[in-house]
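Notes for the one structure printed next.
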Amino acid sequence: MGHETASSPLWTSAHPPAADNLKVPTVPHQDSKQSYRSHTARLRWLAVVLVLLYICLFRCFLSNPSGPGALALPDLYEASVLELQAGLDAGEFTSVHLVKAYFARIEEVNINGPALRAVIELNPSALKQAAVLDIERKLTGKRSKLHGIPILLKDNIATLASDGMNTTAGSFSLLGSIVPEDAGVVRRLRKSGAIILGKANLSEFSHARGNLSSGWSGRGGQSSSAYFPHADPCGSSSGSGIAASIGLAAVTLGTETDGSITCPSSHNNIAGIKPTLGLTSRAGVIPITAHQDTVGPMTRSLTDGAIVLSIIAGKDLNDNYTLAQPPVVPDFMKALDRNALKGKRIGVPRRVFMNDTITGNHPSINLAFEDALLTIKALGATIVDPADLPSAEELINSTSETTVAMVDLKVQLNEYFQALQENPSGVRSLTDLIKFNEDNPALEKPTGFEDQSALEEAEATNGFDAAYFAALENNRDLGRRGIDFVLQKFNLDALVAPARGRITGPAAIVGYPIVTVPLGFYPENVTSESAGPETVYPAPGLPFGLSFLGTAFSDFDLIGFGFAYEQETRTRLARKAFPAAIPKTQLKDVIGK
Ligand SMILES: *[C@@H]1O[C@H](CO)[C@@H](O)[C@H](O)[C@H]1NC(C)=O
Ligand SMILES: *[C@@H]1O[C@H](CO)[C@@H](O)[C@H](O)[C@H]1NC(C)=O
Ligand SMILES: *[C@@H]1O[C@H](CO)[C@@H](O)[C@H](O)[C@H]1NC(C)=O
Ligand SMILES: *[C@@H]1O[C@H](CO)[C@@H](O)[C@H](O)[C@H]1NC(C)=O
Ligand SMILES: *[C@@H]1O[C@H](CO)[C@@H](O)[C@H](O)[C@H]1NC(C)=O
Ligand SMILES: *[C@@H]1O[C@H](CO)[C@@H](O)[C@H](O)[C@H]1NC(C)=O
Ligand SMILES: CC(=O)N[C@H]1CO[C@H](CO)[C@@H](O)[C@@H]1O
């Protein structure tokens, strides 16, 4: 009752309270020994209650025309983790309510209604886990800012079969497979008290199967953005992006090898953090390449992203890349400073990347980007424009990234299949997988989704041969003449660019971080084109994002820059999903039911 009307997550304060300060004072339990015996004391108490009630009703009425009741409860379309924690701590609702509400919201739009196909599978143990975490909160308090908070995971992130969920990267070849253990990031999430709500749809095998439209998998079908019917959600973390964008879960996780967090964050009007390679564990993540894969948060605000990253980041003996990270995981909440851009030098890598012939930036993106540069300048930064990457042309023509990825994909996917305790499909290798797809066309090769050329290309590789090591060295060389070169040459703190396009490449090959926030929306008169058998791109009102890029382990700084821009512009709030794609179930519909 005492909890303030929640502010929008994009309005969170620059220096949010530490976890310990988060607890909202609760009304003490009535204790018979201390109960108010005297008549005057009772009257005084009654008066206080009435005043509080009056203030609450007044507030509710003022800030919500639909009247009191609906008011103290956060709107799950936009609700932030801190808002949800405040409500949970105040006892306004429980994690069981949250799980029920998110399940109902998924039910409304996933297969029914606009059929967004963002979610592949729900966790049948989620309600039970929520109930236990609710009791623990009451008895001993919360373990972390994610205690009792429902999170959706991209379906390439392993969870123990004992939950009752599959881990399949969207492929029927992995249905019913038994993974040896939780993914490293899942272990951290569970330890922090987060509730795994379910698995999100994705581009099958994180887009490493072949030339297939973004957001399609055999198991999940074609997912689409909630901002226009059948719009390309981008990929490969498509379902995570869609689900975060309309509140099908509090927060989500995606993975990126080259663009797979950045691009779906862009198409779905959310914040995405692609962490530095080695900041978050990939143990238990269905792989493409250890040289590039990362796991990161996809959330409605960078505040939520910082909370999630602070929990999933850290060393993991099962992923030795994480052992190279700095000794202490930062509290990324401390990066959330509205003045973070003041006095910083931000470069614009125009050549090639702002004239991307492959993914081409639309004039409306370019206009919004020029505006963003003015905003960044107004926030106190110096814009260095252009700040071109010497290796730009070579980089976009280079085949080295693919050469390394194809070899790694075969080696690592074989390892993944072999480490499974069981796999009912019988698939135990890449060779088996290709055959499985051939043998099961109704499941894995429906019309328009037949291609598996990337798997075939990987299958044809010969392990760690001379060509592989030459390609690795070429990536390192391109990297040296890439982001780090231009940062040093112009004494920059970061680069900034529109999120969609090949700018993810220079970061991908060296494992550098990217932070993406909403930038704008396509105008109503934009011409849509086919983006696949069932999707269009662009589309009226479809969102696009802005990316900040930096050197290894500059994640903290980039989150600060993104936060300063996000808070100043609040672009996410400027547009909502199309009406049928906005789930109607709210906490009030499940409380007391
Ligand atoms: C996987 O999915 C199948 C089919 O939907 C389901 O029967 C099974 O319980 C799920 N979980 C596991 C761990 O296999
Ligand atoms: C990918 O598939 C689409 C649609 O079938 C086709 O237009 C395009 O040329 C293909 N691209 C490549 C590189 O094969
Ligand atoms: C990680 O361990 C593997 C062997 O398991 C080794 O080949 C690789 O070089 C190690 N990588 C790092 C970054 O330590
Ligand atoms: C982008 O390409 C157009 C023509 O394709 C050219 O006129 C223009 O100068 C290029 N811009 C940059 C920044 O390279
Ligand atoms: C990259 O490829 C394009 C054509 O796709 C070509 O025009 C350009 O010269 C190439 N650049 C380099 C550095 O090889
Ligand atoms: C679309 O609308 C914008 C204004 O929102 C206008 O500037 C632009 O010229 C229009 N484009 C077309 C192709 O009509
Ligand atoms: C949770 C959910 O809605 N899962 C669905 C995902 O899509 C497949 C294919 O359409 C359905 O079978 C699942 O029920």
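In listed order, ligands and their atoms are each counted from 1. All values below come from the heavy atoms of this structure, side chains included, with hydrogens, waters and symmetry mates left out.
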Using the rule given for side chain to side chain donor-acceptor pair (under 3.5 Å), can you reason through Ser260 versus Ser236, listing the C-alpha separation, both sets of side-chain angles and the distance that settles it, and then say yes or no? CA-CA 5 Å; Ser260 281; Ser236 65; 2.8 Å; yes
Criterion side chain to side chain donor-acceptor pair (under 3.5 Å) on Asn474 and Ser400, from CA distance to verdict: CA-CA 7 Å; Asn474 191 44; Ser400 297; 2.7 Å; yes
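Checked by atom type and distance alone, the side chain of Asn423 pairs as donor or acceptor with a backbone atom of Val427 at under 3.5 Å. Using modelled atom types, one side-chain atom of Gln586 and one backbone atom of Leu76 make a donor-acceptor pair closer than 3.5 Å.
Inspection of the Glu256 and Thr262 side chains reveals an N or O donor paired with an N or O acceptor under 3.5 Å. Between Thr255 and Lys154, the side chains place a donor N or O and an acceptor N or O closer than 3.5 Å (distance only, hydrogens not considered).
Under the 4.0 Å distance rule, the nearest protein heavy atom to atom 14 (O) of ligand 6 falls inside the cut-off. Remark: atom 4 (C) of ligand 6 lies closer than 4.0 Å to no protein heavy atom. The protein does not reach atom 9 (O) of ligand 2 closely, with no heavy atom under 4.0 angstrom from it.
The aromatic rings of Phe449 and Trp216 lie parallel to each other, with less than 30° between the two planes, well short of the 60° mark.
The residue from Arg209, Glu204, Arg219 that alone fulfils the side-chain contact (heavy atoms from CB on, under 4.5 Å) condition with Ser171 is Glu204.
Looking only at heavy atoms of the protein, atom 2 (O) of ligand 6 is closest to Asn525 ND2, 2.3 Å. Counting only heavy atoms of the protein, atom 6 (C) of ligand 2 lies nearest to Asn211 ND2, 4.1 Å.
Taking a heavy-atom cut-off of under 4.0 Å, ligand 7 is surrounded by Asn110, Ile111, Arg117, Val119, Ile120, Leu122, Arg219.
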